[in-house]
Trainee: 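Sharing a structure with you now.
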Amino acid sequence: MDTTTNLRPFPAINFSNERIALQEGVSQWSYAKLRERIEHCACGLLGKQTDLKEERVAFFMPASVDYVTTLLGIWRAGGIAVPLNVAAALPEIEHALNTAKVTRLVVSITSPAESLAGLFALCRGMNIQVLNVSELLTCKIQMLPELSIDRRAMMLFTSGTTNKPKGVVSTHKNIRAQITTLLEAWNWMPEDSIPLFLPLHHIHGIINVLCCALWIGARVTLYQRFEMDTILRGVEDRDYTVFMAVPTIYVKLVSQLEALPEAPRKRVCDGFRAMRLNVSGSAACPAKLFNQWKALTGQSLLERYGMTEIGMAISNPYFGERRAGAVGVPLPGVQVALFDEAGHIIEGDDTPGEIRVRGDNVFQEYWQNPKATAESFVDGWFCTGDVAVRETGYYRIMGRSSVDIIKSGGYKLSALEIESTLLTLEKVAECAVVGVEDETWGEAVTAFVVLKPEQTLGYAELKAWCEPRMSPYKIPKVLRVMEALPRNAMGKVLKPALKTL
Ligand code: MLC
Ligand code: AMP
């Protein structure tokens with residue numbers, strides 16, 4: 001059995017061939033060149049050490065060859081990679097650096113310049129050394145460590161029902177399982193080419209797109225954000241064989257395509273039609289969207305279900321029926337079951353229950369939070385908090401057990417985290433945040449606030465106040481000022497009632 005990893009799990013990188021791995025603007029990097037960069041970076045991080053021994057190394061970069069070099073360089077040197085959200089507000093970054101007990105932070109020429117002064121000051125105050133990838137690349141290549149696949153490899157931050165995001169720690173073995181199940185299920189091949197425009201502090205972009213492609217030897221075209229026009233030009237030019245996005249992106253694509261004159265629309269739609277696979281996930285894909293995409297491009301979107309803690313767990317088939325509104329069947333090697341409220345497995349179809357998951361794909365722990373880790377497992381099953389039903393064998397997601405989790409444009413947000421920030425706004429006496437159904441975002445963050453006497457608050461003022469305090473996608477889209485919040489006899493805010501207002 002394979003029990004060590006020195007990133008030989010990424011076979012394509014170790015083949016050192018001239019096949020193109022990454023495309024960034026007009027620049028291209030072959031697998032051989034990428035491997036060389038990764039080894040320089042790993043050695044630069046190691047310095048005189050022989051193994052980083054799970055040191056938490058954070059990095060602050062959008063999708064770029066420097067991002068890929070740093071992620072794989074940290075892994076290769078035995079560290080835990082902590083990719084930061086480049087759109088985060090400073091207090092959010094501070095929380096991540098603090099929680100992970102990060103000792104070094106890597107930046108590059110691609111790091112958003114406007115954030116660097118604040119970030120550097122933060123690191124100075126926290127005694128975190130800042131490095132630049134370009135310095136690391138000048139280091140001589142030396143011996144690199146042999147690592148057990150049970151070693152911790154990555155920490156991603158995820159919002160839950162608690163206030164602040166928790167650090168989700170995955171081992172090399174978890175990551176390998178998350179990648180290889182998708183390679184098999186979705187028929188990944190070295191000839192594939194995929195655009196990567198999703199944020200790279202979440203598994204959708206990191207595992208499903210970047211790592212799957214690099215593992216098999218495919219080509220990834222890197223975009224720092226969802227650059228609609230450039231990406232559509234690539235589609236029209238038949239640059240891609242596979243496309244992966246969140247439902248919000250497909251909503252935006254549908255409205256863009258519908259607004260185009262017939263000839264250019266046809267060229268782009270034909271580009272999508274020629275691909276071998278279009279995947280949707282991270283949030284529910286409504287049947288209406290599935291049908292609109294099929295009508296425009298002829299593609300049956302392959303919808304799948306996953307989570308930071310487990311990678312992907314359930315997927316519509318690559319070969320076979322892709323059912324609108326359903327997420328499909330368990331992926332190879334992933335055990336999935338529905339549990340009733342008494343904690344028993346539901347055997348047949350048509351009875352809803354909580355999705356629980358087991359397998360090598362399931363994360364190791366919430367970082368230094370044994371209580372939260374223990375609470376999220378029952379008898380070795382990870383409890384997702386998502387409720388689903390099986391219908392003729394296919395799972396359909398019905399919702400979440402908590403109203404305090406919001407999914408907006410594929411990002412999971414904690415209502416409690418947003419509320420606790422809003423409560424620090426001097427004028428606000430009480431507030432409740434909910435996700436209201438929205439055609440573009442899936443759910444739109446909506447804030448209900450009660451103001452202190454004689455205060456006023458307009459939306460523009462709220463937004464400006466939020467900007468330095470939270471990532472842009474957490475900022476409420478709607479503000480409702482109320483006399484009082486609806487509460488039950490126990491004094492608990494009735495969030496379902498707010499959602500219907
Ligand atoms: C951007 N905005 C959002 C938003 N994204 N508002 C709410 N929710 C979001 N997700 C706001 C901006 O603040 C800005 O507001 C306006 O929309 C335009 O910003 P933009 O940056 O130009 O938008 P765009 O590039 O179109 O971004 C939309 C998006 C992006 C869908 C491309 O949100 C995105 O990349 N989402 C993917 C997130 C993801 O990868 N999730 C996976 C998690 S892992 P204003 O007011 O300033 O105009 C996971 C597991 C699994 O879930 O199963 O995969
Ligand atoms: P995150 O914690 O950001 O990884 O988000 C994971 C959550 O996204 C899951 O727990 C689900 O609630 C949601 N999710 C992911 N894929 C789907 C899907 N296809 N349909 C509905 N919800 C989804």
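As the structure lists them, so they are numbered: ligands from 1, and atoms in each ligand from 1. The structure presented is a predicted model; accordingly, all values stated were derived computationally and were not measured.
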Trainee: Is it true that a side-chain atom of H201 and a backbone atom of F157 form a donor plus acceptor pair closer than 3.5 Å?
Mentor: no

Trainee: What part of F197, side chain from CB on, backbone N/CA/C/O, both or neither, has a heavy atom under 4.0 Å from ligand 1?
Mentor: neither

Trainee: Which atoms from ligand 2 have a heavy atom of S282 less than 4.0 Å away?
Mentor: 8 (O), 13 (C), 14 (N), 15 (C), 16 (N), 17 (C), 23 (C)

Trainee: Return the option from G442, A313, A283 holding the heavy atom at the smallest distance from atom 23 (C) of ligand 2.
Mentor: A283

Trainee: Name the option, out of T384, I397, D386, that contains the heavy atom nearest to atom 12 (O) of ligand 2.
Mentor: D386

Trainee: Closer than 4.0 angstrom: is that true for some heavy atom of K477 and an atom of ligand 1?
Mentor: yes

Trainee: Would you kindly specify which portion of E227 sits under 4.0 Å from ligand 1, judged on non-hydrogen atoms: side chain, backbone, both or neither?
Mentor: neither

Trainee: Please say whether T248 places an N or O atom under 3.5 Å from an N or O atom belonging to ligand 1.
Mentor: no

Trainee: May I ask you to say whether K499 pairs ionically with E443, meaning some side-chain N is under 4.0 Å from a carboxylate O?
Mentor: yes

Trainee: Atom 27 (O) of ligand 1: protein heavy atom closer than 4.0 Å?
Mentor: no

Trainee: Have a look at ligand 2 and work out which part of S280, if any, has a heavy atom under 4.0 Å from it: side chain, backbone, both or neither.
Mentor: neither

Trainee: For atom 16 (C) of ligand 1, is the nearest protein heavy atom closer than 4.0 Å?
Mentor: no

Trainee: Out of curiosity, is K412 lining ligand 1, as in a heavy atom under 4.0 Å away?
Mentor: no

Trainee: Any atoms of ligand 2 less than 4.0 Å from a non-hydrogen atom of E303? List them with their elements.
Mentor: 18 (C), 19 (N), 20 (N)

Trainee: Measuring from the heavy atoms of V327, does anything fall under 4.0 Å of ligand 2?
Mentor: yes

Trainee: Can the ring centres of W441 and Y473 be said to be less than 6.0 Å apart?
Mentor: no

Trainee: Evaluating non-hydrogen atoms only, which member of K407, M307, R304 is closest to atom 19 (N) of ligand 2?
Mentor: R304

Trainee: Under 4.0 Å, heavy-atom basis, I'd like to know which part of M312 is in contact with ligand 1: side chain, backbone, both or neither.
Mentor: side chain

Trainee: For atom 23 (O) of ligand 1, what is the closest protein heavy atom, and at what distance to 0.1 Å?
Mentor: K252 NZ, 4.2 Å

Trainee: In this structure, does ligand 1 have an atom that sits under 4.0 Å from one of the heavy atoms of P199?
Mentor: yes

Trainee: Taking the inter-plane angle between the rings of Y240 and Y223 on a 0 to 90° scale, is it parallel (under 30°), tilted (30 to 60°) or perpendicular (over 60°)?
Mentor: perpendicular

Trainee: Would you mind telling me which of V334, V357, N174 makes a side chain to side chain contact (heavy atoms under 4.5 Å, CB included) with V362?
Mentor: V357

Trainee: Any atoms of ligand 2 less than 4.0 Å from a non-hydrogen atom of G306? List them with their elements.
Mentor: 6 (C), 7 (C), 9 (C), 15 (C), 16 (N)

